[in-house]
Structures are given as C-alpha cells and as structure tokens.
Amino acid sequence: MLLSTQSLPTDRAPLVMETPRLSDHRRKKILVTGGAGFVGSHLVDKLMMEGHEVTVVDNLFTGQKKNVAHWFHHPNFNLVVHDVTEPIHLEVDEIYHLACPASPPHYQFNPVKTIKTSTMGTLNMLGLAKRVKAKILLTSTSEIYGDPQVHPQSEDYWGNVNPIGPRSCYDEGKRVAETMMYSYKNQNNVPIRIARIFNTFGPRMHPNDGRVVSNFIIQALQGKPLTVYGEGEQTRSFQYVSDLVDGLHALMNHDYDGPVNLGNPDEFTMKEFAEYIKKLTKSDSIIQFLDKTQDDPSKRRPDISLAKRVLGWSPKVPVEEGLTKTIEYFQSVLDEAGEIIPT
Ligand code: NAD
Ligand code: UDP
Ligand code: UDP
C-alpha cells in the first residue's frame with residue numbers, strides 16, 4: 001500500500017522546523033553551493049532561520065546529506081545534487097559560492113578536479129549571476145597568501161604562492177576564482193563579494209577531513225598519538241564556525257566589494273595547539289612528530305581591521321569555548337561510530 005505524507009499518523013510525520021514567514025518582497029531566493037559541507041550547512045541554517053528560500057547545489061564529494069537533513073521536509077528548502085563544473089540554470093537573488101574541497105588531503109586527492117571546481121565551477125556561477133542579475137559571494141581563502149612573507153596578513157598583500165606545488169590546485173584555483181569575480185564585476189557589472197577565510201572549525205567538520213582541529217581532537221579522545229607535522233613551530237589562527245557564518249552574512253549584505261579577511265587572530269604554534277587540545281580533552285595521548293608536508297605555510301594570522309571597520313564584524317566566540325563545543329560534537333560522533341582513524 002502506498003502512503004502519502006498526509007496519510008502517515010502524526011507521530012510519524014516528518015518533523016518540519018518552524019521558520020519565520022517573510023513577506024514576498026523580503027523573502028529572497030538564495031543559492032548555496034557546497035551547502036551540504038561543514039561551513040555551508042551552518043550558513044544554510046542561518047538563512048533558513050531568517051525565512052528565506054534556500055537551494056543547495058552540492059555534488060556530495062566532501063559534504064554529507066545528513067548535514068542538511070533537518071531541512072528536507074521544509075517547503076523553503078531544496079537540495080540539488082549537481083557538480084558545479086557543469087552549467088546549471090536556476091532563478092535566484094543571491095549566490096553564496098562555497099563548493100570546493102577545503103582540507104589538504106581532500107583537495108589533493110584529485111588536483112585536476114579541484115582546479116576544475118574553482119575555475120569552471122566559479123565561471124558557471126558567475127554566468128548564472130550575470131544572467132539572473134544575482135549578487136554572488138565567493139569563499140576564497142587565506143591560502144591565497146601562500147607561505148606569507150608579511151605577518152599578519154592584510155588584504156593588500158599579494159601573497160607568496162608556489163604555482164606548481166601540491167597545494168597549488170587549491171591556492172591558484174582560488175586566486176583565479178578571485179580574478180574571475182573581478183572580471184565579471186568590471187566587464188559585466190555583476191555585484192560581487194569576496195571573503196578570504198582563515199582556518200575555521202566546529203561541529204560537522206568531516207571526521208576524516210585531515211585538518212588539524214579534527215585530527216587532534218579525534219586522536220586525543222581516543223588516547224592515540226597527536227600527529228604534529230614537522231617540528232610544530234608553524235602557526236595557525238582558529239575561528240569558530242558561527243563567527244564565520246555571521247561574517248559571510250554581513251559581507252553579502254554590505255555594499256563593500258573588495259576582498260575581506262574573515263578569521264580569528266588568536267594564533268598558536270601547532271605544538272602549542274596539540275598541548276592545548278590534550279588539556280581540554282584531559283587526554284594522556286603522546287605528541288608524535290611526523291615529516292613536514294611540502295609548502296606548508298610557516299605562519300598565518302589574519303589582520304581583520306578591514307572587516308571590523310567596514311562590516312563592524314569581529315569574532316565573538318573565544319577559541320576555548322568553540323573547541324569545547326567541537327570536542328563534545330566529536331565525542332558524540334565517536335560514541336556512534338566506535339572508532340575513527342583520522343586521515
Ligand atoms: P567542505 O569540504 O566541508 O565543503 C565543501 C562542499 O563543497 C562539500 O559539501 C562538497 O561536497 C562540495 N563540493 C566540492 N566540490 C564540488 C563540486 N565540484 N560541485 C558541487 N559541490 C562540490 O569544506 P568547508 O570547510 O565547508 O569549506 C567551504 C568553503 O570555504 C570552501 O570554498 C573553502 O575553500 C572555503 N574555506 C574554508 C576554510 C575552513 O577553514 N573551513 C578556510 C578557507 C576557505
Ligand atoms: N551558465 C550557467 N547558468 C546560467 C548561465 C550561464 O551555468 O544560468 C554558464 C554557461 O554555461 C557558461 C558560464 O556560465 O559556461 C559563463 O557564462 P557567460 O554567459 O558569462 O559566458 P558564455 O556562455 O557567453 O561563454
Ligand atoms: N597539521 C598537523 N597535524 C595534523 C594535521 C595538520 O600538524 O594531523 C598541521 C599542518 O601541517 C598545518 C596546520 O596543522 O601546518 C594546519 O593544517 P590544516 O590541514 O588544518 O589547515 P591548513 O594547512 O590548510 O591551514
């Protein structure tokens with residue numbers, strides 16, 4: 001017997017999250033590419049909770065349906081499983097273009113695909129934005145500064161990137177994507193926004209994503225050695241995901257169209273960070289030093305004066321508070337999975 005949703009008993013009917021009802025002229029049609037990923041799914045939550053209509057376009061390479069599954073039955077939500085390297089025709093008012101693998105093991109898994117995603121994918125999204133006169137925001141990255149020779153990095157620094165190294169499919173891909181955004185702005189008047197995102201962490205990071213925050217937490221929670229690449233003197237500055245989502249939203253809704261750094265300037269060496277995670281997880285794990293990876297930037301910290309001045313944005317969640325929430329999240333993932341062997 002076939003059952004329609006209406007004929008299911010109410011206690012088995014799919015849960016539909018309540019969102020505000022916006023009037024037609026305030027409700028926007030928003031496309032989020034990469035919306036089933038870590039950052040994208042948190043952004044989708046914010047946009048849905050504001051009452052907008054959200055379409056996610058994602059090929060599920062590193063994203064997961066479960067990150068947005070709580071919206072599946074909502075009339076304002078739509079998931080399109082699609083690869084942005086292929087053209088797509090949709091009618092939207094705004095595009096947050098996030099689709100791109102972001103962790104070194106994932107973007108180096110298929111470098112040709114990564115460069116196609118940043119170039120052909122961004123071209124298609126710009127073609128779409130041009131056709132429907134939508135505003136488009138690109139999630140670029142601090143990686144465009146490469147192994148920086150100025151510290152901290154501000155938006156006027158042009159970077160120090162190896163064009164043929166293992167990270168270049170990602171770094172150069174994003175640099176070309178930024179160039180394409182400017183070309184479409186200058187030549188076709190497409191309204192653009194460019195966020196240069198620094199290392200971000202939080203719940204829904206992929207456990208096998210290979211980034212340092214997920215690796216160290218998962219290792220520490222399982223009593224396994226924390227793997228530091230090289231001598232651990234390289235630095236990173238970590239921002240909690242809700243701050244990033246607020247920054248992306250503020251940038252999209254402001255008229256500033258130059259690149260803007262979004263990050264938390266709280267900077268650690270990787271050796272200090274390993275000790276910090278051990279302390280927060282109360283773990284007895286040892287710290288194991290492995291080979292340094294090629295072209296690993298030796299230091300990174302955002303200068304966020306521009307975001308503060310122009311957007312009135314600065315990160316609000318202290319790193320310790322964000323890490324505590326992320327540790328709780330990975331503990332629940334481990335409770336479900338049993339064991340996780342990080343990449
Ligand atoms: P993620 O890997 O969790 O999300 C990327 C999403 O894009 C995934 O859902 C993936 O399936 C999708 N995707 C990849 N290739 C695609 C393709 N060809 N077509 C359609 N979908 C595709 O990574 P994230 O951390 O959420 O990163 C999101 C964006 O933010 C990326 O553009 C990344 O470069 C940028 N960024 C993130 C960070 C960070 O620390 N998280 C830092 C700098 C920049
Ligand atoms: N494109 C798309 N969706 C649209 C409009 C365009 O995917 O709604 C793609 C289009 O297929 C092309 C790219 O975006 O590959 C760039 O489009 P543009 O119109 O700028 O260039 P052209 O099609 O003239 O080469
Ligand atoms: N890193 C590490 N151990 C790990 C994973 C990463 O020491 O298990 C180091 C890595 O070499 C880099 C820093 O941590 O110096 C941040 O790495 P991540 O992959 O999180 O981000 P990105 O290199 O893109 O900033």
Side-chain angles (χ1 to χ4, degrees), residues 33-43 56-64 67-68 80-92 96-107 113-114 116-118 120-132 134 138-144 167 170 173-174 177 180 184 187-188 190 195-202 204-206 209-216 218-219 226-230 232-239 241 244 248 262-263 269-271 273-274 288-290 292-293 295-300 342-343:
T33 75
F38 158 52
V39 174
S41 61
H42 288 282
L43 176 64
V56 165
V57 166
D58 199 300
N59 69 353
L60 303 179
F61 171 45
T62 53
Q64 306 179 81
N67 287 342
V68 285
V80 183
V81 179
H82 174 88
D83 195 309
V84 291
T85 60
E86 302 291 338
I88 186 165
H89 288 75
L90 298 165
E91 305 307 313
V92 293
Y96 287 88
H97 177 40
L98 281 71
C100 185
S103 82
H106 282 156
Y107 69 64
K113 180 69 193 207
T114 301
K116 281 185 186 170
T117 295
S118 268
M120 295 158 67
T122 303
L123 181 74
N124 287 331
M125 290 308 117
L126 282 162
L128 171 60
K130 183 177 85 174
R131 181 179 62 80
V132 300
L138 170 73
T139 51
S140 184
T141 166
S142 53
E143 285 279 325
I144 65 108
R167 300 176 86 99
Y170 183 69
K174 291 284 188 177
M180 291 196 297
Y184 270 77
Q187 205 172 321
N188 301 114
V190 172
R196 289 187 181 154
I197 303 173
F198 285 65
N199 298 60
T200 304
F201 69 94
R204 300 191 195 147
M205 288 183 92
H206 200 293
D209 164 308
R211 284 184 263 198
V212 71
V213 178
S214 43
N215 275 9
F216 283 1
I218 290 168
Q219 290 162 340
L226 271 63
T227 53
V228 171
Y229 302 157
E233 294 303 325
Q234 71 273 36
T235 70
R236 293 293 188 275
S237 310
F238 297 103
Q239 126 178 276
V241 65
L244 172 60
L248 294 173
L262 295 176
T269 69
M270 290 309 99
K271 210 161 60 183
F273 195 60
Q288 183 181 26
F289 292 88
L290 302 180
K292 186 179 185 306
T293 58
D295 294 343
D296 195 359
S298 58
K299 51 189 177 307
R300 182 180 297 156
T343 306

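Start at 1 and go down the list; that is how both ligands and their atoms are numbered.
- Considering backbone and side-chain N/O of Ile197, none are found under 3.5 Å from N/O of ligand 1.
- Close approach to Gly63 involves these atoms of ligand 1, each under 4.0 Å from a residue heavy atom: 8 (C), 9 (O), 10 (C), 11 (O).
- In the vicinity of Gly37, heavy-atom distances shorter than 4.0 Å reach the ligand 1 atoms 3 (O), 4 (O), 8 (C), 9 (O).
- Of all the heavy atoms of Leu90, none lies under 4.0 Å from any atom of ligand 2, so neither backbone nor side chain is involved.
- When the ring-ring contact (aromatic ring centres under 6.0 Å, His included) test is applied to Phe238, the partners found at least two apart in sequence or on another chain are Phe273.
- At a 4.0 Å heavy-atom cut-off, ligand 1 does not touch Gln64 at all.
- At the shortest separation from atom 19 (N) of ligand 1 among protein heavy atoms lies Val84 N, 3.0 Å.
- Within the structure, the closest approach of Glu143 to ligand 1 does not fall below 4.0 Å when heavy atoms are considered.
- Close approach of ligand 2 to Arg131 (heavy-atom distance below 4.0 Å) involves ligand atoms 4 (C), 5 (C), 8 (O).
- At least one N or O atom of Leu98, backbone or side chain, sits closer than 3.5 Å to an N or O atom of ligand 1.
- The proximity of Asp209 to ligand 1, defined as any non-hydrogen pair under 4.0 Å, does not occur for either the backbone or the side chain.
- Residue contacts with ligand 3: Pro297 is excluded, as none of its non-hydrogen atoms falls under 4.0 Å.
- Heavy atoms of Glu143 come nearer than 4.0 angstrom to ligand 3 in at least one pair.
- Within the listing of ligand 3, atoms 7 (O) sit less than 4.0 angstrom from a heavy atom of Val228.
- In terms of polar-atom proximity, defined here as any N/O pair under 3.5 Å, Pro87 makes no such contact with ligand 2.
- Residue nearest to atom 17 (O) of ligand 3, selected from Thr235, Leu290, Val212: Val212 (by heavy-atom distance).
- With Phe38, Phe198, Tyr170 as candidates, the residue nearest to atom 36 (N) of ligand 1 on a non-hydrogen basis is Tyr170.
- The ligand atoms of ligand 2 that sit less than 4.0 angstrom from a heavy atom of Lys130 are 18 (P), 19 (O), 20 (O).
- Of the candidates Thr139, Asn67, Val241, the one placing a heavy atom closest to atom 35 (C) of ligand 1 is Thr139.
- Panel note: side chain Thr235, backbone Arg300; a donor-acceptor pair is recorded below 3.5 Å.
- The N/O atoms of Ser142, backbone and side chain alike, include none that comes under 3.5 Å of an N/O atom in ligand 1.
- The closest approach between any non-hydrogen atom of Lys174 and ligand 1 is below 4.0 Å.
- Phe216 meets the ring-ring contact (aromatic ring centres under 6.0 Å, His included) test with no other residue; sequence neighbours excluded.
- Residue contacts with ligand 1 include Asp58, since one or more of its heavy atoms lies under 4.0 Å from the ligand.
- Listed by atom number, the atoms of ligand 3 under 4.0 Å from Phe216 heavy atoms are 3 (N).
- No donor-acceptor distance shorter than 3.5 angstrom exists from the side chain of Gln64 to the backbone of His206, with no hydrogens or angles considered.
- Ranked by closest heavy atom to atom 24 (O) of ligand 3, the top entry among Arg236, Gln219, Arg167 is Arg167.
- Inclusion of Arg211 in the set of residues having an N or O under 3.5 Å from an N or O of ligand 3 is not warranted.
- For ligand 1, none of its N or O atoms has an N or O atom of Asn199 under 3.5 Å away.
- For Phe273, the heavy-atom gap to ligand 3 stays at 4.0 angstrom or more.
- Atom numbering of ligand 1 starts at 1 in the shown order; those under 4.0 Å from a heavy atom of Leu60 are 11 (O).
- Ligand 1 lies within reach of Ser140, whose nearest heavy atom is under 4.0 Å from it.
- Atom 13 (C) of ligand 3 has Met270 SD, 3.8 Å as its closest protein atom, hydrogens excluded (heavy atom only).
- At least one heavy atom of His82 lies less than 4.0 angstrom from ligand 1.
- Judged by distance alone, the side chain of Thr139 and the main-chain N or O of Arg196 form no donor-acceptor pair under 3.5 Å.
- Contact atoms of ligand 3 toward Asn215: 4 (C), 5 (C), 8 (O) (distance under 4.0 Å to a heavy atom of the residue).
- For atom 15 (O) of ligand 2, the nearest non-hydrogen atom of the protein is Asn124 OD1, 3.2 Å.
- Ligand 3 has Pro104 within reach: a non-hydrogen atom of the residue lies less than 4.0 Å from it.
- Closest heavy-atom approach to atom 10 (C) of ligand 3 within the set Thr269, Asp296, Asp295, Asp209: this belongs to Asp296.
- For ligand 1, the atoms lying closer than 4.0 Å to a non-hydrogen atom of Pro101 are 14 (C), 15 (N).
- Here is the list of ligand 1 atoms found below 4.0 Å of a heavy atom in Ala36: 9 (O).
- Distance check on atom 22 (P) of ligand 2: every protein heavy atom falls at or beyond the 4.0 Å cut-off.
- Close approach to Ala99 involves these atoms of ligand 1, each under 4.0 Å from a residue heavy atom: 7 (O), 20 (C), 21 (N), 22 (C).
- Lys292 does not count as a contact of ligand 3, since none of its heavy atoms falls under 4.0 Å from the ligand.
- Closer than 4.0 Å to atom 7 (O) of ligand 2 lies at least one heavy atom of the protein.
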